[in-house]
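Since this is a predicted model, take the numbers as computed values, not measurements. Atom set for the values below is all heavy atoms of this structure, side chains included, hydrogens, waters and symmetry mates excluded.
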Amino acid sequence: MQFDMGGLGKALDKMESKTPGTIDKFVSMAGEKLVGEVKMNTPVDTGRLREAWGRTPAAEGKTEVYNNTAYAAHVEFGHRQQVGRFVPAISKRLKQGFVPGKKMLHRSVDTFEGEFQQIASAAMEELMSP
């Protein structure tokens with residue numbers, strides 16, 4: 001998922017020419033905040049899914065938030081299951097044909113877009129200070 005920085009991108013490009021690494025530093029800060037937001041929105045059973053969230057190092061003004069857990073996409077988007085099948089791990093029969101997704105990453109990005117401008121302003125102030 002991506003979102004637009006608006007006119008902030010041009011201001012960051014100017015700062016980048018004066019101070020190399022500015023955009024990557026800003027993107028790293030924003031990526032860490034997003035990872036924290038996603039972790040808070042992730043449902044917990046064993047904690048494995050929540051702890052598997054991470055981000056790539058910022059390079060060329062980009063970072064990726066990811067989760068390498070095999071079932072992360074099923075929790076995010078939902079999944080089908082066979083109604084009536086007995087599952088020994090929970091000692092129950094399945095009753096729903098489709099389990100809706102939790103949309104933890106989608107909701108986090110939506111929430112984060114509101115906070116993004118505040119983070120951007122703080123980063124710009126830090127870069128502008130002597």
Side-chain angles (χ1 to χ4, degrees):
M1 297 184 77
Q2 298 179 4
F3 57 94
D4 186 24
M5 291 193 293
L8 183 62
K10 292 178 184 176
L12 284 173
D13 286 340
K14 282 184 181 179
M15 291 302 296
E16 181 69 23
S17 64
K18 294 179 183 176
T19 313
T22 303
I23 293 176
D24 288 341
K25 181 179 176 185
F26 172 72
V27 168
S28 292
M29 288 172 34
E32 280 302 313
K33 282 288 259 187
L34 182 57
V35 168
E37 185 74 29
V38 174
K39 282 185 177 185
M40 287 183 0
N41 289 333
T42 302
V44 179
D45 186 18
T46 62
R48 185 180 305 150
L49 183 63
R50 179 176 278 181
E51 293 305 315
W53 287 105
R55 69 170 181 82
T56 59
E60 298 179 11
K62 295 180 184 179
T63 188
E64 290 183 17
V65 174
Y66 64 88
N67 191 317
N68 287 336
T69 308
Y71 56 90
H74 302 292
V75 176
E76 175 75 12
F77 299 110
H79 60 277
R80 295 186 186 283
Q81 56 188 16
Q82 186 179 14
V83 177
R85 186 175 137 240
F86 181 75
V87 180
I90 59 174
S91 300
K92 294 182 181 178
R93 293 196 178 278
L94 301 176
K95 295 180 181 178
Q96 293 180 324
F98 181 79
V99 177
K102 300 294 182 181
K103 304 288 186 194
M104 56 235 169
L105 182 59
H106 286 81
R107 289 182 181 151
S108 297
V109 168
D110 289 344
T111 302
F112 182 69
E113 283 185 287
E115 295 177 30
F116 181 76
Q117 292 299 328
Q118 295 172 351
I119 295 169
S121 296
M124 293 300 281
E125 286 177 20
E126 181 183 329
L127 293 170
M128 298 282 195
S129 65

Is the backbone of [Y] close enough, under 3.5 Å, to the side chain of [X] for a donor and an acceptor to pair up by distance?
X	Y	answer
R50	T42	yes
D24	E60	yes
E32	R55	no
T56	T63	no

*Under the criterion side-chain contact (heavy atoms from CB on, under 4.5 Å), which of H79, R48, E76 is the partner of Y71?*
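The single option meeting the side-chain contact (heavy atoms from CB on, under 4.5 Å) with Y71 is R48.
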*Member of K33, K103, E37 meeting the side-chain contact (heavy atoms from CB on, under 4.5 Å) criterion with S108*: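 It is E37; the other options fail the test.
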Considering non-hydrogen atoms only, spot the tightest contact between [X] and [Y] and give its length.
X	Y	answer
W53	Y66	CE3-O, 3.2 Å
V27	K62	CG1-C, 3.8 Å
A52	T69	CB-OG1, 3.1 Å

*asked:* Are M104 and L49 packed together at the side-chain level, in the sense that at least one heavy-atom pair is separated by less than 4.5 angstrom?
replied: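 SC-SC contact between M104 and L49 confirmed.
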Rounded to the nearest 0.5 Å, how far does [atom2] of [Y] lie from [atom1] of [X]?
X	Y	atom1	atom2	value
K95	Q81	NZ	CD	11.5 Å
N67	L105	CG	CG	9.0 Å
N41	H106	CG	NE2	12.5 Å

*For atom NZ of K39, is the number of surrounding heavy atoms from other residues, nucleotides or ligands below 6.0 Å larger than 12?*
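Atom NZ in K39 is crowded, with more than 12 foreign heavy atoms closer than 6.0 Å.
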